[in-house]
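Worksheet: the structure to be examined is printed underneath.
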2 protein chains.
Amino acid sequence: MQKEVLIVEDEPAIREMVGVALKSDGFLLREAADASEAQTIIRDHTPDLILLDWMLPGTSGLQLAKELRDDEPTRHVPIIMLTARSEEHSRVRGLEAGVDDYVTKPFSVRELRLRIKAVLRRAQPESEGTRIELGGLVIDEASHRVFATGREVLLGPMEYRTLHFFMTHAERVYTRRQLMDRIWGQDAYLEERTVDVHIRRLRKALLPYRCDGLVQTVRGTGYRFSTM
Amino acid sequence: MQKEVLIVEDEPAIREMVGVALKSDGFLLREAADASEAQTIIRDHTPDLILLDWMLPGTSGLQLAKELRDDEPTRHVPIIMLTARSEEHSRVRGLEAGVDDYVTKPFSVRELRLRIKAVLRRAQPESEGTRIELGGLVIDEASHRVFATGREVLLGPMEYRTLHFFMTHAERVYTRRQLMDRIWGQDAYLEERTVDVHIRRLRKALLPYRCDGLVQTVRGTGYRFSTM
DNA sequence: TTAGATGTGTCAATTTGATGTCATGGCAGC
DNA sequence: GCTGCCATGACATCAAATTGACACATCTAA
């Protein structure tokens with residue numbers, strides 16, 4: 001899922017530079033030149049991360065950070081402060097306001113990227129792996145493995161993804177196009193026949209466990225995973 | 001039961017800031033400005049956790065950490081190092097000395113809290129048994145050594161740390177990034193390929209004992225420690 | 001102090017395995 | 001039968017993981 005980053009910075013040059021870098025990393029970037037613009041944007045779209053300039057015309061970055069921390073919807077949104085070197089001494093005040101990290105200007109795009117990723121990762125709780133059981137097959141998400149009658153089924157990455165999708169969307173037909181979108185992703189474009197080949201590979205992997213029949217062909221339409 | 005935290009830090013401003021936060025979380029905080037003060041306090045009250053500044057007047061934080069690891073009463077007390085960014089390169093030396101986690105200054109109070117809770121949670125079961133056995137390997141935490149079929153497995157510090165993490169988190173896939181976060185620490189920036197190299201070194205060390213197969217590659221995802 | 005040993009992170013070369021596409025042949029339904 | 005749709009095997013290509021080599025830093029022992 002695409003992460004939304006809001007940058008609050010009065011210098012267009014810096015917004016531009018950051019913008020190019022983040023978009024190429026797959027982030028959706030929103031821009032604000034001052035605190036009130038930022039508030040307006042936040043009201044509509046709560047971002048996943050805020051890059052906040054310390055020096056802003058009008059309300060200061062520090063002040064804005066404090067307000068964001070007091071507001072329920074933005075309380076847990078991580079903030080990275082952009083500060084000039086001369087402002088280093090005032091960092092402690094930022095920490096008190098609950099800022100998550102600092103980047104000192106001038107900063108390299110590379111450094112900013114790393115910090116953004118680190119902060120976002122930190123904010124994410126460790127996901128619990130679930131167990132999916134259906135038609136004699138068991139997917140253990142935590143270990144990323146599949147079992148049939150106690151034995152491990154050896155699958156390639158794409159086979160795993162395909163089976164995972166089917167087992168979480170059983171008893172329903174999907175066209176090749178739909179499978180492409182859901183398994184490969186929206187932007188990937190493939191030949192329709194390629195889906196057939198992957199179905200074939202999945203069936204082949206399931207064959208030794210007599211589970212290949214679970215993946216069924218619906219002639220003229222597509223494929224279906226069914227225990228019936 | 002109220003947990004006792006000792007902070008060893010020469011800057012009063014930071015002690016103050018941390019103090020306010022921890023007290024509101026229900027911790028009992030003791031403060032020391034240098035290593036000798038710390039030793040005095042520890043003699044009277046063994047704390048449940050130590051926050052240790054890397055740069056201290058007199059005995060350095062790293063030196064103190066090593067001494068604490070060698071002393072029986074404090075051997076199992078978790079240590080979180082407080083380091084400045086410029087000291088990042090010395091992270092590995094700290095890990096080698098048995099430091100549990102790092103927090104890089106400037107840090108947010110929120111982050112420190114999370115780290116403290118994570119470390120305390122992790123330390124809980126460790127205080128009971130210092131032996132970890134899995135897949136024919138035995139880790140003796142007290143002596144910081146590993147055995148396979150009675151013979152000692154010779155590991156470098158990073159190999160030990162990697163194996164320790166795997167054996168306490170078996171049967172689960174981790175991406176290279178997750179491994180970096182959990183083995184090197186959240187703020188360590190490494191090339192992803194570096195993880196591969198360490199995996200290889202660990203496997204090489206385990207090879208003479210036929211245990212290299214326990215560290216498994218999950219193509220397109222990461223690595224997994226598994227006895228199956 | 002110096003010299004050698006050890007440990008670590010990065011890179012490039014190589015190997016290994018997965019993936020997408022095509023061509024062919026089979027099968028179902030009309 | 002014919003026609004369209006699907007299954008299958010082969011193959012070229014691409015991506016991912018392994019591996020060896022190296023630079024640099026630190027530790028150890030003279």
Side-chain angles (χ1 to χ4, degrees), chain A residues 110 114 144 146 153-164 173-177 179-181 183-185 187-207 212-224, chain B residues 54 60 62-63 65-66 86-99 102 144 146 153-164 173-177 179-181 183-185 187-207 212-213 215-224:
Chain A
R110 178 184 141 79
L114 292 173
H144 210 265
V146 179
V153 184
L154 295 171
L155 298 175
M158 225 48 190
E159 285 148 37
Y160 178 87
R161 289 187 62 164
T162 307
L163 181 61
H164 186 278
V173 196
Y174 289 90
T175 65
R176 291 172 175 76
R177 176 55 45 82
L179 291 173
M180 275 168 51
D181 286 349
I183 298 173
W184 277 262
D187 44 350
Y189 196 82
L190 300 168
E191 289 297 320
E192 297 232 327
R193 295 277 131 252
T194 302
V195 178
D196 299 30
V197 177
H198 280 276
I199 293 290
R200 146 104 178 67
R201 285 171 180 159
L202 178 56
R203 281 176 176 156
K204 200 174 196 175
L206 295 176
L207 184 60
D212 56 306
L214 295 168
V215 183
Q216 302 169 356
T217 305
V218 182
R219 212 176 162 78
T221 309
Y223 297 94
R224 170 181 59 203
Chain B
W54 182 273
S60 78
L62 176 64
Q63 185 56 39
K66 281 183 180 164
S86 57
E87 292 151 7
E88 277 201 344
H89 63 278
S90 38
R91 171 186 295 272
V92 173
R93 291 164 61 200
L95 296 178
E96 196 171 341
V99 165
Y102 274 81
H144 221 259
V146 179
V153 184
L154 296 171
L155 296 176
M158 229 45 202
E159 284 149 35
Y160 175 86
R161 219 179 146 80
T162 306
L163 182 61
H164 185 279
V173 198
Y174 289 90
T175 64
R176 290 170 175 76
R177 196 149 305 269
L179 291 172
M180 276 169 50
D181 283 351
I183 297 174
W184 277 264
D187 297 305
Y189 303 133
L190 300 170
E191 290 298 318
E192 297 232 324
R193 292 276 138 258
T194 302
V195 177
D196 299 32
V197 176
H198 280 274
I199 292 289
R200 170 175 163 289
R201 286 170 180 160
L202 177 57
R203 280 176 176 157
K204 206 172 196 174
L206 295 175
L207 183 60
D212 55 308
V215 182
Q216 303 171 353
T217 305
V218 182
R219 219 151 218 275
T221 307
Y223 295 95
R224 168 180 62 203

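Scope of the values below: all heavy atoms of this structure, side chains included, with no hydrogens, waters or symmetry mates. In this text, all values refer to a predicted model and were calculated from it rather than measured experimentally.
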Checklist entry - Please give, in whole Å, the distance from D/dG9 P to A/Ile199 CD1? => result 16 Å
Checklist entry - Heavy-atom distance under 4.5 Å between the side chains of B/Leu202 and B/Leu155, does that happen here? => result yes
Checklist outcome for this item: Separation of D/dC6 atom C1' from A/Gln216 atom CD, nearest Å, is 15 Å
Checklist outcome for this item: Whole-Å distance, A/Asp196 CG to C/dC22 C1', equals 13 Å
Checklist entry - Below 4.0 angstrom from OP1 or OP2 of C/dG20, is there any side-chain N or O of A/Arg193? => result no
Next on the checklist: Can you confirm whether A/Leu214 sits close enough to A/Leu206 that some side-chain heavy atom of one is under 4.5 Å from a side-chain heavy atom of the other?
Outcome noted: no
Checklist entry - Does the side chain of A/Trp184 get closer than 4.0 angstrom to OP1 or OP2 of C/dT19 through an N or O atom? => result no
Item to check | Side chains of A/Asp181 and A/Arg177 in contact at under 4.5 Å (non-hydrogen atoms) | outcome: yes
Item to check | Rounded interatomic separation in angstrom, taking CE from B/Met180 and P from C/dT10 | outcome: 9 Å
Checklist outcome for this item: Nearest-nucleotide check on DNA chain D, A/Lys204 vs B/Arg203; residue mapping nearer the 5' end is A/Lys204
Checklist outcome for this item: Taking for A/Glu191 and for B/Val195 the nucleotide of DNA chain C with the nearest heavy atom, the one nearer the 5' end belongs to B/Val195
Next on the checklist: With a 4.0 Å cutoff (strictly under), does any side-chain N or O of A/Thr217 reach OP1 or OP2 of D/dC6?
Outcome noted: no
Item to check | B/His198 side chain, from C-beta outward: closest of D/dA7, C/dT8, C/dG20 | outcome: C/dT8
Item to check | Member of A/Arg201, A/Arg203, A/Lys204 meeting the side-chain contact (heavy atoms from CB on, under 4.5 Å) criterion with A/Glu159 | outcome: A/Arg201
Checklist entry - Looking at the side chain of B/Arg219, which of D/dT18, C/dG17, C/dT19 is the nearest nucleotide? => result C/dG17
Checklist outcome for this item: Between CD of B/Glu192 and C1' of C/dT8 the distance, given in whole Å, is 18 Å
Item to check | Side-chain (B/Arg161) to main-chain (B/Ile183) donor-acceptor, under 3.5 angstrom | outcome: yes
Checklist entry - Could you walk me through whether A/Val195 and A/Leu190 pass the side chain to side chain contact (heavy atoms under 4.5 Å, CB included) check? => result CA-CA 8 Å; A/Val195 178; A/Leu190 300 168; 5.6 Å; no
Item to check | Rounded distance in Å - CZ (B/Arg176) to C1' (C/dG9) | outcome: 15 Å
Checklist outcome for this item: Rounding to the nearest 10°, end axes of the helix from C/dT1-D/dA30 to C/dC30-D/dG1 built from five pairs each make an angle of 30°
Item to check | Smallest separation among heavy atoms of A/Gln216 and A/Gly213, with atom names | outcome: CG-O, 3.2 Å
Item to check | Proximal nucleotide (of D/dT18, D/dC6, D/dA17) relative to the B/Tyr223 side chain | outcome: D/dT18
Next on the checklist: Using only modelled atom types and a 3.5 angstrom limit, is any donor from either the side chain of A/Arg201 or the base of D/dG9 paired with an acceptor on the other?
Outcome noted: no
Checklist entry - D/dC14 C1' sits how many Å from A/Leu190 CG, rounded? => result 14 Å
Next on the checklist: Side chain of A/Val197, heavy atoms from C-beta onward: which of C/dA18, C/dT8, D/dG9 has the nearest atom to it?
Outcome noted: D/dG9
Checklist entry - side chain to side chain contact (heavy atoms under 4.5 Å, CB included) between B/Thr217 and B/Tyr223: does it pass, once the steps are laid out? => result CA-CA 5 Å; B/Thr217 305; B/Tyr223 295 95; 3.6 Å; yes
Checklist entry - What nucleotide, of C/dG7, D/dT18, C/dG20, holds the atom closest to the side chain of B/Pro157? => result C/dG7
Next on the checklist: What is the distance, to the nearest angstrom, from the CD1 atom on B/Ile183 to the P atom on C/dT8?
Outcome noted: 12 Å
